[in-house]
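Comments concern the structure below.
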Amino acid sequence: METKHIHSPAYHYLLRAGPRLKPLQQVHAYIILSGSGQNRSLLTKLLTLACAARSIDYTRRIFFSVSNPDSFLFNTLIRTTSKACAGLSASKHGRIVHGQVLVSGYGLDVYVQAALVSFYAKYCDLGNARKVFDKMQERSVVAWNSIISGYEQNGLAKKALGLFDKMREAGFQPDLATFVSVLSACAQVGAVGLGSWVHEHVIGNGFGLNVMIGTSLINMYARCGNVKKAREVFDSMKEKNVVAWTAMISGYGVNGYGVQAVELFHQMRRSQAIPNNVTFIAILSACAHSGLVNEGRQAFSSMREYHLVPGVEHHVCMVDMLGRAGLLDEAYEFIKETVSKEAAPAIWTAMLGACKMHKNFGLGVEVAERLIAVEPENPGHYVMLSNICALAGRMDRVEVIRNTMIRKRLKKQVGYSTIEIDQKTYLFSTGDKCHPETSKIYQYLDELMWQCKEAGYLAVVDSVMHELEEEEREYALRYHSEKLAIAFGLLKTISGTTLKIVKNLRMCEDCHSAIKSISVVTNREIVVRDKLRFHHFRNGSCSCQDYW
DNA sequence: CTGACAGCGG
């Protein structure tokens with residue numbers, strides 16, 4: 001065939017054309033003219049470049065020009081389509097490619113199926129990913145990894161862990177990639193039991209701690225509230241890159257160990273590793289959560305030493321840090337001076353949080369109204385404004401806000417808490433009555449709250465349910481998801497066991513104060529991870545020192 | 001340039 005002598009120059013031209021569409025099309029036309037239009041390596045290269053040019057249409061046109069696509073080309077197509085559409089109507093393009101796969105009879109090709117699974121998973125279409133996965137007659141470890149990581153990356157950690165069990169039941173040996181995803185899922189739901197099992201398994205099977213698994217373990221232990229163990233893993237790592245340092249710093253941060261985070265950050269600066277943007281987010285948020293204002297300011301200004309430009313997230317941390325510390329004016333000045341005039345909503349949201357915390361009604365209302373103007377569909381802003389008004393005793397405005405929310409059909413995010421007992425995870429939502437032992441749990445909780453009251457606990461009814469009477473408000477607070485999870489945990493574990501709860505939202509003030517009291521009455525250590533950070537309750541006080 | 005499908009940190 002002629003293809004031999006055209007082969008090498010065509011490649012040369014293709015590379016020169018690069019990812020620009022016009023030249024690419026010209027070279028493609030030339031290739032077709034020379035009779036090499038069906039040469040597979042040229043087609044693969046064309047697809048790659050079309051994808052780099054972000055032209056989904058051209059990607060597909062090249063593809064349909066192939067007379068006999070094989071498994072390899074299908075794979076390239078799926079991969080390039082995935083990159084070229086970069087989220088834009090991805091599931092539509094996915095289905096088109098998928099259709100073509102089925103028509104061509106490659107619907108049962110293991111590699112093609114695995115590629116489809118990861119395509120759908122990457123674009124949050126877990127339903128279709130799962131459908132393809134379930135149809136697979138032969139599954140590879142990689143296919144299992146694709147679906148597990150798909151669930152994990154889309155926040156469906158429990159599903160990911162469920163599939164991990166199924167994978168092992170099916171007799172597959174998980175590999176390092178599996179463990180990375182599984183550890184990430186454990187971190188999400190606080191499943192330290194399973195996480196430690198993975199740790200032992202990895203060591204026992206002689207995989208050794210590479211930097212990736214090590215980092216995943218640090219993250220898992222830290223996000224399960226076990227900072228000591230995280231640090232042990234960190235210290236045992238031979239090779240530490242930026243990611244590992246960052247994971248450890250942020251681990252200290254979310255657990256409220258600001259001083260240790262700063263110390264480690266300085267140690268990092270003296271080491272070979274160079275901090276990046278993410279490292280600075282970790283250290284700044286650690287400072288914010290521990291009230292280390294000066295250290296935070298220093299870290300922020302040291303960013304330029306590394307030629308890093310602070311982004312929205314760094315600004316959010318700074319405003320949060322200043323705001324929490326009560327330096328509202330300075331936070332406001334920071335936004336006006338350091339951040340451009342059009343500060344991102346997230347920055348104002350941090351400012352708003354500070355206004356609520358320090359009960360600054362005037363500024364709070366101003367900021368909230370500004371936020372609502374920019375993001376009228378975000379229920380969080382209305383809830384914040386309503387809470388601020390309630391704290392200021394402006395019940396008339398609370399009522400108006402509530403009605404607006406109802407009119408706009410905006411709902412508060414539903415809160416839930418999980419607790420892991422004997423490697424099983426239990427989920428509770430507010431006022432949950434799904435658990436088979438509901439009545440026992442509620443009865444125990446009532447009893448417990450009675451004991452807490454005797455010990456001096458007072459319900460903090462300030463910022464909730466303003467339309468209710470005092471007594472009803474207290475009742476509404478009593479069955480918050482974290483309280484239910486704690487009651488269940490106390491019933492199910494022997495005395496002395498530390499309880500670990502993971503909550504998807506921030507804890508309310510009442511729960512915070514109730515749990516402090518519960519830790520005394522039951523003489524238990526209770527660890528709650530909320531949306532932002534950890535609270536370690538012991539002997540009536542919390543590691544956050546009421547600073548959150 | 002006969003190979004592909006999976007994978008960490010705020």
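Lettering of chains follows the sequences in order, A, B, ..., and the numbering in each one begins at 1.
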Self-check item: Which residues share a salt bridge (charged side-chain N to carboxylate O under 4.0 Å, His left out) with A:Glu482, sequence neighbours left out
Solution: A:Lys503
Self-check item: Inter- and intrachain pairs under side chain to side chain donor-acceptor pair (under 3.5 Å), touching residues 15-25 of chain A, at least two apart
Solution: none
Quiz prompt | Residue pairs, two or more places apart or on separate chains, that pass ring pair (Phe, Tyr, Trp, His ring centres under 6.0 Å) and touch residues 249-271 of chain A | solution = A:Phe265-A:Phe280
Quiz item: When rounded to the nearest Å, what value does the distance between P atoms of B:dC1 and B:dC5 take?
Solution: 14 Å
Quiz prompt | Separation of the C1' atoms in B:dA4 and B:dC8, to the nearest angstrom | solution = 23 Å
Quiz item: Got a sec? Which of residues 277-284 of chain A come in under 4.0 Å of DNA chain B, heavy atoms?
Solution: A:Val278, A:Ile281
Exercise. Enumerate the residue pairs fulfilling salt bridge (Lys or Arg N to Asp or Glu O under 4.0 Å) with a member in residues 56-81 of chain A, sequence neighbours excluded, ordered by first and then second residue.
Key: A:Arg40-A:Asp70
Self-check item: Interface residues of residues 173-197 of chain A with DNA chain B (non-hydrogen, below 4.0 angstrom)
Solution: A:Asp175, A:Ala177, A:Val180, A:Ser184
Practice problem: Could you verify whether a donor N or O on one side chain and an acceptor N or O on the other, from A:Asp175 and A:Asn145, lie under 3.5 Å apart? | Solution: yes
Quiz item: Among pairs that include at least one residue of residues 267-282 of chain A, which meet salt bridge (Lys or Arg N to Asp or Glu O under 4.0 Å), considering only residues two or more places apart or in two chains?
Solution: A:Arg269-A:Glu305
Practice problem: Could you identify which residues of residues 229-259 of chain A place a heavy atom less than 4.0 Å from some atom of DNA chain B, listed by residue number, or say none? | Solution: A:Val242, A:Val243, A:Thr246, A:Ser250
Quiz item: side chain to side chain donor-acceptor pair (under 3.5 Å): which pairs involve residues 107-120 of chain A, sequence neighbours left out?
Solution: A:Ser71-A:Asp109, A:His98-A:Tyr120
Quiz item: Under the side chain to side chain donor-acceptor pair (under 3.5 Å) rule, what pairs show up with a residue in residues 153-168 of chain A, not counting sequence neighbours?
Solution: none
Quiz item: Contact class for A:Glu152 vs. all strands (heavy atom < 4.0 Å): base, sugar-phosphate, or nothing?
Solution: nothing
Exercise. Check salt bridge (charged side-chain N to carboxylate O under 4.0 Å, His left out) between A:Glu263 and all other residues, then give those that pass, not counting sequence neighbours.
Key: none
Quiz item: salt bridge (Lys or Arg N to Asp or Glu O under 4.0 Å): which pairs involve residues 233-249 of chain A, sequence neighbours left out?
Solution: A:Arg231-A:Asp235
